[in-house]
Amino acid sequence: MNQYTSGLNERQREAVMALDGPLLVLAGAGSGKTKMLTARMAAISAARGTSDILAITFTNKAAKEMRERVAVFGSQVKIGTFHAICLQMLRVHGSYIGLKPGFVIYDDQDQAQLLGDIVKKLNLAVEDPKLAVKAFAGMINRAKCQAQGPDAQLEDDADYVSRYGRAVYTLYEQGLMERNAIDFGGIICQTVFLLAHHLDVRAYYQRKFRYIHVDEYQDTNKAQYLFLMYLAAKRFGGHENCCVVGDEDQSIYAWRGADIRNILDFEKDFPHAKVIKLEQNYRSTAMILGAASDVIAHNRERKAKRLFTDQVGGEPVRIVKCQDERMEARTVLDAIVQKQRAGRSLRECSIFYRTNAQSRQFEDACMARQIPYEVIGALRFYDRKEIRDVLAYWRVLVNPADSVSLKRIINVPARGIGQASVAKCEAQGGMLYEACQNSENAKIRAFVGMVESLRVQEGSLAQLYDKLLDATGMVRKLESEKNDESRGRVENLAEFRSVLVEFESDVPASIQDFLEQSMLHGIVEEGPKHDAVQLMTLHSSKGLEFPFVFMTGMEEGLFPSKRALDDGMIEEERRLCYVGMTRARECLMMTSSRERMLWGRRHFSDVSQFCCEIPSKWREQKSEVEVSQVTQSALIGSIVQHPSFGRGVIKRSEGSGAEQKVSVLFGVSEKKFYYRFIQSYVSI
DNA sequence: AGAAGATAGCTTTTT
DNA sequence: GCTATCTTCT
């Protein structure tokens, strides 16, 4: 047992050694929960001589990390996301609930497409069909988070969603079945359904997964909760060997159905549950941890707890007010360059923002200064149009019933098949692909023939891919266009090929395998892993840590978002802030812009209330003088303070108004700034 | 059918 | 301000 608990603290050890029975671990940020979890699984494996261990994570990244760390102990453990685990179960036992082999996964775009067809077909009197699709999609996805089918939907006349919701949902489910497809929510929902109604299957998995671990339990929704209950709860014949780990302060997914009550009520579901709190933080300095703790303490819906650390002192949190977003980017990059000069690497620096759109200002600034950067999780590789086209071809090959994909590619690249011809085939009813096979339209038959010629599945994925490109002439078409966009697409298609080669490098893989991987895990874009500044949203920062963290756009209305303020969701925003702050190991800087360009308008905002919630004992003190007190003529010779370069003196000024630039001498080096940039930091 | 031009909607967050 | 989709023109 010692080999598993060495290097653990008292609490962690306690959690590792509680092998059997229900266990709730309230693990604060940076409290070493992954370390604890992996050690625990290894200990169970050794002590109980079993490999019947399941670990469920929230992201693929977390699954991968855990897999690697468990491998060190040499234990056999099944690790995956809820979606990956459920999908595997459906692949094996899906026939119980009417799923046919080879079913494909529909993502949000496919879902919207299908719903669009349904709305059109129903001829609903809605002003805006696109808005209606969005509304119905939201309603269906919300229902699926709750594990509710169409029948559970109430009908009333309040609005068209509640009036037609049940009908649309029903048709949508039928549509999925006809196309042999399943959506993201359905993966979880159908598995719950399978476990609920087929006792033999349930018993099988209860035996197969004798020890269950769920990470990030605070982010589970009702459907995922039920999944766990069917496998582990006594009332369903479960073994109760289930360990859930989470932190209600880090619950940031309520908007997609996560229910914080799952973790708060765990002790009700398992009255004999052992509860262990991990409150020692091994990541951040006392300054950072103190600031983060004081922010999150403003939430009312939480269990009182306080993290502590051995690391004393550290740099105070720097809170910097900038005039606009250009200045904000400069401020952040100046600080990063300073770290670089101090011998630190760029990959140790991370810039967080609330919305993806905010990445642009930092990308521009990085490019201008030739600082390498990486945007994490922005647009996924398979969301690119040309990649989706290729995937659609393969989806039709694997599953001819997939009419959403079929309609996508029937005229891609353009081959003279118009909407009218497609509509004609559709009007025949039945399977669209079969209607195309029997079409009197020569072009459509030629298309079907081409697809059929691709059906021979011998050879590697890369070879099949080459064949596809050749038969469709996609690359030839793009090359003939000769513009930047088409060249980029050709590049992406080439990159896609190397993704395929990478994917099948270990074991031969089928198209089906690849489709699954790309839908569920994303295509892993393994770039050259340069030493680069990491840019990401606050949400995607979860579970990561960096020595230097820059939280940007700390403005009321942006973060917390206006929407959250209006809807009274401030506590979730504060948790998001807490998550961001606790990613930092050594230094934390929080920046805001007085003004900002937002959807074409200049917006002015106050500093985020979250910054104001940080007591001065954790912050860097800085005296500021109002701009109006400094006249233009007084500028030359003035002493100014800059967040990165320290004190300097203004030597020259050129230009005027907003474009006025000043040269400032810091020690021996002279730097140029926009006057506006300097103003914020003028001190006397 | 395809390209150029116009317009609307967008900014939460993702498996 | 940008982008994606719709409209109009050739």
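Everything quoted here is computed from the prediction, not taken from an experiment. Here is how names work: the chains are called A, B, and so on, in the same order as the sequence lines, proteins then strands, and each is numbered from 1. Values below: every heavy atom of this structure, side chains too, minus hydrogens, waters and symmetry copies.
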### Task
Specify the separation, in whole Å, of atom CG of L538(A) and atom P of dT14(B).
10 Å
## Note on the structure
Whole-Å distance, H603(A) NE2 to dT11(B) C1', equals 11 Å
### Query
How many Å lie between CG on L558(A) and C1' on dC10(B), as a whole number?
14 Å
### Query
Quick one: ring-ring contact (aromatic ring centres under 6.0 Å, His included) pairs with a partner in residues 552-581 of chain A, sequence neighbours left out?
F559(A)-F610(A)
### Summary
The residue, A564(A) or T59(A), whose nearest nucleotide of DNA chain B is more 5′ is A564(A)
### Query
Taking for each residue the nucleotide of DNA chain B with the nearest heavy atom, is it S540(A) or A357(A) whose nucleotide lies nearer the 5' end?
A357(A)
### Query
How many Å lie between CD on E571(A) and P on dT13(B), as a whole number?
22 Å
### Message
For a quick check of understanding: with a heavy-atom distance under 4.0 Å over all strands, which category does I417(A) fall into, base, sugar-phosphate or nothing?
### Response
sugar-phosphate
### Message
If you only use heavy atoms from C-beta on, which nucleotide in dT15(B), dG2(B), dC2(C) is closest to the side chain of R256(A)?
### Response
dT15(B)
## Note on the structure
Per atom distances to the R360(A) side chain, the nearest of dT15(B), dC2(C), dT13(B) is dC2(C)
### Task
Please step through salt bridge (Lys or Arg N to Asp or Glu O under 4.0 Å) for the pair K33(A) and D247(A), ending with a clear verdict.
CA-CA 10 Å; K33(A) 64 165 187 186; D247(A) 178 3; over 6 Å; no
Between the protein and nucleotides 5-9 of chain B, are there any N/O to N/O pairs under 3.5 Å, and if so, what are the atom names and distances?
none

### Message
Is it the case that over 12 heavy atoms from other parts of the model lie below 6.0 angstrom from the CZ atom of F193(A)?
### Response
no
### Task
Could you give me the CA-CA distance, side-chain angles and deciding distance for E301(A) and R575(A), then say whether salt bridge (Lys or Arg N to Asp or Glu O under 4.0 Å) is met?
CA-CA 11 Å; E301(A) 282 177 43; R575(A) 291 194 288 268; 5.4 Å; no
### Message
Tell me the interatomic distance from R142(A), atom CZ, to dT13(B), atom C1', rounded to whole angstroms.
### Response
15 Å
### Task
Would you give the length of the straight line joining atom CG of L535(A) to atom OG of S359(A), rounded to the nearest 0.5 angstrom?
6.5 Å
### Task
Give a yes or no on whether the backbone of S593(A) and the side-chain of E555(A) come within a donor-acceptor separation of less than 3.5 Å.
yes
### Task
Output the single nucleotide from dT15(B), dT11(B), dG2(B) whose closest atom is nearest the side chain of A414(A).
dG2(B)
### Message
Is F82(A) stacked against the base of dT15(B), taking the criterion as centroid distance under 5.5 angstrom and interplanar angle under 30°?
### Response
no
### Query
Would F58(A) pass as stacked on dT15(B), i.e. its ring centre under 5.5 Å from the base's six-membered ring centre and planes under 30° apart?
no
### Message
Taking 4.0 Å as the cut-off, does a side-chain nitrogen or oxygen of T537(A) come that near to OP1 or OP2 on dT14(B)?
### Response
yes
### Summary
In whole angstroms, the gap separating P of dG1(C) from CG of D324(A) amounts to 15 Å
#### Entry: Interatomic distance, N180(A) atom CG to Y106(A) atom OH [nearest 0.5 angstrom]
9.5 Å
### Rounded distance in Å - CG (D566(A)) to C1' (dT11(B))
14 Å
### Query
So what does D107(A) touch, heavy atoms closer than 4.0 Å: a base, only the sugar-phosphate, or nothing?
nothing
### Task
Check whether more than 12 heavy atoms from other residues, nucleotides or ligands sit under 6.0 Å from atom CZ of R261(A), and answer yes or no.
no
### Query
Does a side-chain N or O from N356(A) land closer than 4.0 Å to OP1 or OP2 of dT13(B), or not?
yes
### Query
Rounded to whole angstroms, how far apart are CD on Q109(A) and C1' on dT5(C)?
13 Å
## Note on the structure
Against the side chain of N411(A), the closest entry in dT15(B), dC2(C), dG2(B) is dG2(B)
